[in-house]
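One structure below.
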There are 2 protein chains.
Amino acid sequence: MPVSKSAVGKPLRPARKDPPPADPTHEAGELAMGELAELLGYALKRAQLRVFEDFLHSVAPVQLTPAQFSVLLLLDANPGRNQTEIATTLGILRPNFVAMLDALESRGLCVRTRSPSDRRSHILMLTDKGRATLARAKKLVATQHEARLVELIGEDNRTALLAMLAKIAREF
Amino acid sequence: MPVSKSAVGKPLRPARKDPPPADPTHEAGELAMGELAELLGYALKRAQLRVFEDFLHSVAPVQLTPAQFSVLLLLDANPGRNQTEIATTLGILRPNFVAMLDALESRGLCVRTRSPSDRRSHILMLTDKGRATLARAKKLVATQHEARLVELIGEDNRTALLAMLAKIAREF
DNA sequence: TATTGTTATACTCTATAACTATA
DNA sequence: TATAGTTATAGAGTATAACAATA
């Protein structure tokens, strides 16, 4: 779950003779973030948690987590691939992908079929229901989730943000 | 003011519908990322994992996790606060903060002392060793971790990125 | 009665080893 | 021998309930 915001008290009195040098928020109620505000990892984590939370809420009508949505997207873009290929592309370890697929398949969103050429591997494909669910989820993401983000930071910044994050994930 | 785009730039045209970037990587070996490349949450998660991984490596000499580093930073900026205040500010639940503090205190980096005014609460303070460790960690973060990031995306983009992430965490 | 720190607990994620059936 | 899917399991991270001491 998210981060609970404690609406803690307000400054009760001026207190100091001299104004605080650096951090302005230090008046016995609010804590000073200090150099935490400069830590990229911290900002990344907090933003990611918030974005996932909003994603979950936006896409609630189709009951898909961010991870499940990413699987459906990848299956749609790469029909006929096996579990190892899909899982590793998403950074999911093969053992952990099994339960994920079980959940999606039991909901009738995708199917595993043994490959005729290599009977060890399971070919993955979206079902019609899977495609319909994905389409509905995409619309919710676009009209609710991403729309709100663009409203907040603007289309240009969203594009720039995405490019920077992808570059960091790829090259850092 | 918008963000200087490093490499990837989209033509700003009022096109009717954004035609997918026509995934070029589809040669039976590489999987197509499809619309996954447009998902902010996905990019955020991947970047965050990578940044945390690099943080851990950069700061390995002082054996601090990102979460532990954030606690030390906050204790340094807010001496004399209690566990609840520090924990909630960091988005850590009080029960989960106990083991974290145990680890830091057992390493002699901080101390809990009962507040004389309210004997229920534990006043937290960094020890000299804690301050020394934090100083060493800060230097490692600056010279290794953040330095590499700035080298990758540039100082201006780092500032803009930080501002956008903070805004998302705060207002999204 | 309410709050602080704490314990216990549970659920999700993630990570590794090892099994099976195929190759 | 090696690989794909699977099982079991262990460890983090995160969530809630409840208790003792204190207010």
Side-chain angles (χ1 to χ4, degrees), chain A residues 1-9 41-42 44-46 48-50 52-53 55-56 63-71 75 80-106 110-125, chain B residues 31 41-42 44-46 48-50 52-53 55-56 63-71 75 80-106 110-125:
Chain A
M1 281 294 239
V3 174
S4 57
K5 297 173 185 173
S6 56
V8 187
Y42 184 75
L44 263 175
K45 180 79 173 281
R46 295 296 280 243
Q48 183 257 308
L49 288 174
R50 184 66 198 88
F52 269 41
E53 184 182 70
F55 181 97
L56 229 31
Q63 284 286 98
L64 287 178
T65 66
Q68 289 174 324
F69 182 68
S70 71
V71 170
L75 291 184
R81 296 290 188 152
N82 66 27
Q83 296 185 197
T84 297
E85 291 170 318
I86 299 294
T88 59
T89 298
L90 290 172
I92 302 170
L93 292 169
R94 278 65 78 220
N96 299 331
F97 194 51
V98 175
M100 269 194 77
L101 263 190
D102 288 346
L104 294 175
E105 195 175 18
S106 71
C110 68
V111 286
R112 293 183 244 222
T113 59
R114 300 214 89 97
S115 166
S117 58
D118 185 340
R119 289 178 44 74
R120 290 172 301 182
S121 55
H122 290 173
I123 296 308
L124 301 178
M125 281 197 309
Chain B
L31 273 75
Y42 183 76
L44 262 176
K45 180 79 173 280
R46 295 298 281 242
Q48 184 256 307
L49 288 174
R50 184 67 197 87
F52 268 42
E53 186 181 68
F55 181 97
L56 229 31
Q63 285 285 99
L64 287 178
T65 66
Q68 288 174 325
F69 182 68
S70 71
V71 171
L75 291 184
R81 296 291 189 153
N82 67 26
Q83 295 185 197
T84 297
E85 291 170 319
I86 298 294
T88 60
T89 298
L90 290 172
I92 302 171
L93 292 168
R94 275 67 79 219
N96 299 333
F97 194 50
V98 174
M100 270 194 77
L101 263 190
D102 288 346
L104 294 175
E105 195 175 19
S106 70
C110 68
V111 286
R112 293 183 244 222
T113 58
R114 302 212 88 96
S115 166
S117 58
D118 185 341
R119 289 180 42 75
R120 289 172 302 183
S121 54
H122 289 175
I123 295 309
L124 301 179
M125 281 196 310

Rounded to the nearest angstrom, tell me the gap between atom [atom1] in [X] and atom [atom2] in [N].
X	N	atom1	atom2	result
A/F52	D/dT14	CZ	P	13 Å
A/M100	C/dC13	CE	P	8 Å
B/E53	D/dA12	CD	C1'	16 Å
A/H122	C/dT22	NE2	P	9 Å
B/R114	D/dA21	CZ	C1'	7 Å
B/N96	C/dA8	CG	P	15 Å
A/L90	C/dA15	CG	P	14 Å
B/L93	C/dG5	CG	P	14 Å

Donor-acceptor pair present, B/R120 side chain and C/dT3 base, under 3.5 Å: yes

Exam field: side chain B/R94 to backbone B/T88, donor-acceptor pair closer than 3.5 Å: no

Which nucleotide sits closest to the side chain of [X]: [options]?
X	options	value
A/V98	C/dA15, D/dT14, D/dT7	D/dT7
A/R112	D/dT6, C/dT14, C/dT6	D/dT6
A/N82	D/dA4, D/dT14, C/dG5	D/dA4
B/Q83	D/dT22, C/dT6, D/dT16	C/dT6
A/R94	D/dT6, C/dT14, C/dG5	D/dT6

Toward the 5' end of DNA chain D, by each residue's nearest nucleotide, B/P95 or B/D118: B/P95

Phosphate-side-chain proximity, B/K45 and C/dT14, N/O vs OP1/OP2 below 4.0 Å: yes

Distance below 4.0 Å between B/T84 side-chain N/O and C/dT3 OP1 or OP2: no

Which residue lies more 5' along DNA chain C, comparing A/T65 with A/R119 via nearest heavy atoms: A/T65

Kindly indicate whether the side chain of [X], heavy atoms from C-beta on, has any atom under 4.5 Å from the side chain of [Y].
X	Y	answer
A/L124	A/C110	no
B/Q83	B/R112	yes
A/F97	A/V71	yes
B/L31	A/I86	yes

